[in-house]
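Everything on this sheet refers to the single structure shown next.
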Amino acid sequence: MSTSGFRALPSVDKVLADPRIGDLLTTYDREAVVNLVRSRLEEARGLIRAGKSGPALDVLVESVRARALALWSPSLRPVINATGVIIHTNLGRAPLSREALDAIASVSRGYSTLEFDLASGQRGSRHAHVEHLLCQLTGAEAALAVNNNASAILLGLSALCKGKEVIVSRGEAVEIGGGFRIPDVLRQSGATLVEVGTTNRTYVADYEAAITENTAALLAVHSSNFRVVGFTHHPTLEELVELGKRTHIPVLYDIGSGCLLDTTAWGMAHEPTPQEGVAAGAAAVFFSGDKLLGGPQCGVATGRKDVIDQLKRHPLARAVRIDKLSLAALAATLLHYVKNEAADRIPVWRMISAPAKKLDRRARAWAAALGSAARVVDGESTVGGGSLPGETLPTRLVALSASNIEGGATEVAARLRRNDPPVIARIDEEMLLLDPRTVLPDEDKALLKAVRAALAS
Ligand SMILES: *Cc1c(COP(=O)(O)O)cnc(C)c1O
């Protein structure tokens with residue numbers, strides 16, 4: 001340990017007097033900057049104690065600036081999604097339409113009619129802004145939007161099933177992802193899970209045999225993120241509803257994605273829709289707002305008026321209520337469906353319905369702009385986000401060869417993530433792949449600039 005090493009370290013005041021730090025002091029709180037300087041100096045002393053040499057003033061100043069930038073710039077940032085996964089939960093699920101964004105801005109810049117009835121001048125209902133639209137689109141008698149689908153289900157089970165039994169097929173007592181497990185949510189609501197059938201086969205008779213005077217509901221859960229194939233059987237929703245009618249037990253249906261359009265029109269498997277669940281006679285159908293509905297994070301419960309009324313009255317409804325920004329965006333998104341313009345205006349549907357020719361044209365334009373390292377290949381995009389498991393859409397990809405760069409595709413992908421805005425790509429067999437399907441039209445220029453920079457060695 002050398003005392004001279006310690007003595008060579010600049011004082012806090014000396015670092016603060018550096019003009020590059022002065023720059024920080026004009027923007028940020030003085031005490032916070034001083035604390036940063038102190039902690040960097042403490043680190044430097046640690047190095048010296050370990051027998052290493054302390055940093056020079058320049059190095060210290062730069063490390064303080066880098067730390068300030070890391071701490072005090074937003075970490076929730078926009079990224080360019082070139083993965084081809086349309087509903088990417090880690091990247092924020094559904095991008096919003098222009099109209100939904102405008103709606104958010106217009107109700108949040110100032111005050112709004114969030115809970116105010118203009119006709120009477122009295123208190124109004126937050127639910128009124130979307131309930132009629134949700135009813136019109138799903139055919140339900142009543143509807144309620146809350147924070148997300150998980151909270152809609154928790155609210156539904158708490159309001160309808162607390163202290164009672166809920167019958168679920170063993171193949172549906174599943175984890176949806178991100179720690180959302182049907183058995184845990186049931187327990188949290190105060191209901192008791194009664195599992196019936198086996199993982200691959202469950203019959204109506206299994207549900208019927210499990211019904212007791214303590215049964216509050218039959219719960220059906222759409223297997224949104226996995227598929228059981230082969231020797232399987234599962235009763236249809238209609239069969240469950242028929243059993244429910246006979247035994248006076250409501251059927252609750254967690255459909256996962258709020259897919260209001262017919263996915264077979266784009267060559268994909270059929271994704272169950274809320275309107276089908278309502279038509280089949282489910283007492284309540286639960287779904288997310290930011291999956292195939294293409295709106296903001298929220299959850300929706302639609303169904304029978306007496307059932308939805310119980311949800312609205314439950315104390316948890318206040319705890320999981322939807323905020324005004326999401327409400328504005330949800331209403332604007334629902335209006336796209338009302339006006340029959342969803343496939344043209346809602347980004348996730350624009351991506352799903354992107355014509356093959358257009359994808360090919362875009363991929364070829366990118367490849368041409370990127371030069372010899374790039375070529376266009378066939379590939380697949382996925383819907384993702386717990387919708388249409390295993391379903392893919394044929395696409396055209398730009399494949400980048402990174403063989404001349406040390407670290408290969410992994411290194412180029414890391415460089416792309418460090419870009420501003422970050423670009424998220426896919427790696428497959430040492431190839432870096434870019435899918436035009438999930439890149440918004442106005443992002444092309446930024447994407448190409450980022451890729452060119454990442455490929456420069
Ligand atoms: C996604 C999903 C959920 C959770 O919805 P969130 O809106 O993320 O809370 C619940 N159930 C199913 C079947 C899902 O697919």
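Both ligands and their constituent atoms are indexed starting at 1 by order of listing. The structure displayed is predicted, hence computed values, not measured ones.
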For [X], the ligand 1 atoms whose distance to one of its heavy atoms is below 4.0 Å:
X	value
Gly256	12 (C), 13 (C), 14 (C), 15 (O)
Ala150	5 (O), 6 (P), 9 (O)
His222	13 (C)

Could you establish whether Lys291 and ligand 1 come within less than 4.0 Å of each other, counting only heavy atoms on the residue side?
->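 It does; at least one heavy atom falls under 4.0 Å.
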
Any Arg93 heavy atom less than 4.0 Å from ligand 1 |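 True for this residue.
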
Check whether more than 12 heavy atoms from other residues, nucleotides or ligands sit under 6.0 Å from atom CZ of Arg375, and answer yes or no.
->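 Count not over threshold, so no.
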
Short N/O distance, under 3.5 Å, between Ser151 and ligand 1?
->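 Between Ser151 and ligand 1 (N or O atoms, distance only) the closest approach is not under 3.5 Å.
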
Indicate yes or no: does an N/O atom of Asp290 lie under 3.5 Å from an N/O atom of ligand 1?
->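 No.
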
Residues which pass side chain to side chain donor-acceptor pair (under 3.5 Å) with Asn148, listed by chain and number, not counting sequence neighbours =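 Result, side chain to side chain donor-acceptor pair (under 3.5 Å) vs Asn148: Ser151.
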
How does Phe286 reach ligand 1, by side chain, by backbone, by both or by neither, if only non-hydrogen atoms under 4.0 Å count?
->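 For Phe286, there is no contact with ligand 1 at all, from either part.
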
Could you list all the ring pair (Phe, Tyr, Trp, His ring centres under 6.0 Å) pairs where at least one residue sits in residues 184-211, not counting sequence neighbours?
->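 Residue pairs passing ring pair (Phe, Tyr, Trp, His ring centres under 6.0 Å), neighbours aside: Tyr203-His233.
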
Can you spot which of Ile182, Ile153, Val251, Val194 makes a side-chain contact (heavy atoms from CB on, under 4.5 Å) with Leu219?
->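 The single option meeting the side-chain contact (heavy atoms from CB on, under 4.5 Å) with Leu219 is Ile182.
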
Please report the closest heavy-atom contact between Asp206 and Val196, naming both atoms and the distance.
->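 Asp206 and Val196 have their closest heavy atoms at O-CG1, 3.7 Å.
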
Report the C-alpha separation of Thr264 and Asp262 in whole Å, then their side-chain angles, then the decisive distance to 0.1 Å, and conclude whether the side-chain hydrogen bond (donor to acceptor under 3.5 Å, both in side chains) test is met.
-> CA-CA 6 Å; Thr264 62; Asp262 178 9; 2.7 Å; yes

